[in-house]
Amino acid sequence: MERGHQLTLPGVVGLTALLLAGAVLAGCGGSVGPRRPDGPGVAGRMILLDDTGLPSRPDPGGGILVIPEPPLPDLWHSVGERESDQPEPLTYTFFDVGGDLVDELGGEIVPVDADGHFRLTKSGRHLICRTSDADRSGARSSSAGGCDLVDLPESGVLEATFGEGGFHAELVPG
């Protein structure tokens, strides 16, 4: 008499775990890059880099601080930081900035959505920083954690990354 295959409870659990792991890995294979621009402005995406071998993933929430280059000495003076002509320290720069100061300097704090996407409307050379939140009310400060100087075009695609190597923002082909 031929014997049929039977799945035991440990077999079902193992098979379920295997299928779930496959689904997670399949989901990680997608692009984490920014969307293509669909009009004027710079389409961007905040991406969290991982040095432990895990794949990069979108970094949701918070905001992107955008300050034009000319008033940067005023920003550094106001937040108690020393201006540096070395680009490397910007990647690890941390400071608190209020919405009133951002407005005074001609900047903005743009919210980052649940998928890490954001849209910048400024063009020209700007300081771009990752912030803990997108509150511009002036009621509280936003913590900026890592910055980069970028020459923003009228329309384009920006990839902002944060990880062990600090914060970096660069224009990418869209």
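Side-chain heavy atoms closer than 4.5 Å link hydrophobic residues (I, L, V, M, F, W, Y) into clusters, and following such links, possibly through other members, connects W76 to L149.
Expressed to the nearest 0.5 Å, how far CG of L152 lies from CD of E154 amounts to 10.0 Å. Atoms CZ and CD1, on R130 and I64 in that order, are 8.5 Å from each other to the nearest 0.5 Å. Separation of atoms SG (C147) and OH (Y92) is listed at 13.0 Å; rounding is to 0.5 Å. Separating the CD atom in E69 from the CG atom in D151 is a distance of 8.5 Å, to the nearest 0.5 Å. Taking CG of L158 as the reference point, atom CZ of R119 lies at 12.0 Å (rounded to 0.5 Å). D50 contributes atom CG, which lies 7.5 Å from atom OG of S56 (distance to the nearest 0.5 angstrom).
A donor-acceptor pair under 3.5 Å is absent between the side-chain atoms of D115 and the main chain of H117, judged by distance alone. Using modelled atom types, no side-chain atom of T131 and backbone atom of L65 make a donor-acceptor pair closer than 3.5 Å. S143 places no side-chain N or O within 3.5 Å of a backbone atom of S132 that could act as its donor or acceptor partner.
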Check: residues 160-167 side-chain donor-acceptor pairs under 3.5 Å, at least two apart:
none

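Summarising the geometry of C129 relative to A144, their closest heavy-atom pair is CB-CB, 4.1 Å, with the distance given to 0.1 Å. Scanning both residues, A114 and P60, for their nearest heavy atoms gives O-CB, 3.1 Å. Closest of all the heavy-atom pairs between H168 and T91 is CE1-CG2, 3.3 Å. Across all non-hydrogen atoms, the minimal contact from I109 to S142 is CD1-OG, 3.9 Å.
Using a 4.5 Å heavy-atom threshold, the side chains of D59 and V112 count as separate. Between H126 and L120, every side-chain heavy-atom pair lies at or beyond the 4.5 Å cut-off.
Evaluated for a side chain to side chain contact (heavy atoms under 4.5 Å, CB included) with L101, the options I67, D74, L75 yield exactly one hit, L75.
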Determine whether L90 and L127 satisfy the following criterion, side-chain contact (heavy atoms from CB on, under 4.5 Å), listing intermediate values before the conclusion.
CA-CA 9 Å; L90 287 176; L127 181 74; 4.2 Å; yes

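Considering only residues two or more places apart in sequence or on other chains, E170 meets the salt bridge (Lys or Arg N to Asp or Glu O under 4.0 Å) condition with none of them. Every residue meeting the side chain to side chain contact (heavy atoms under 4.5 Å, CB included) condition with P153, not counting sequence neighbours, appears here in chain and number order: V42, L171.
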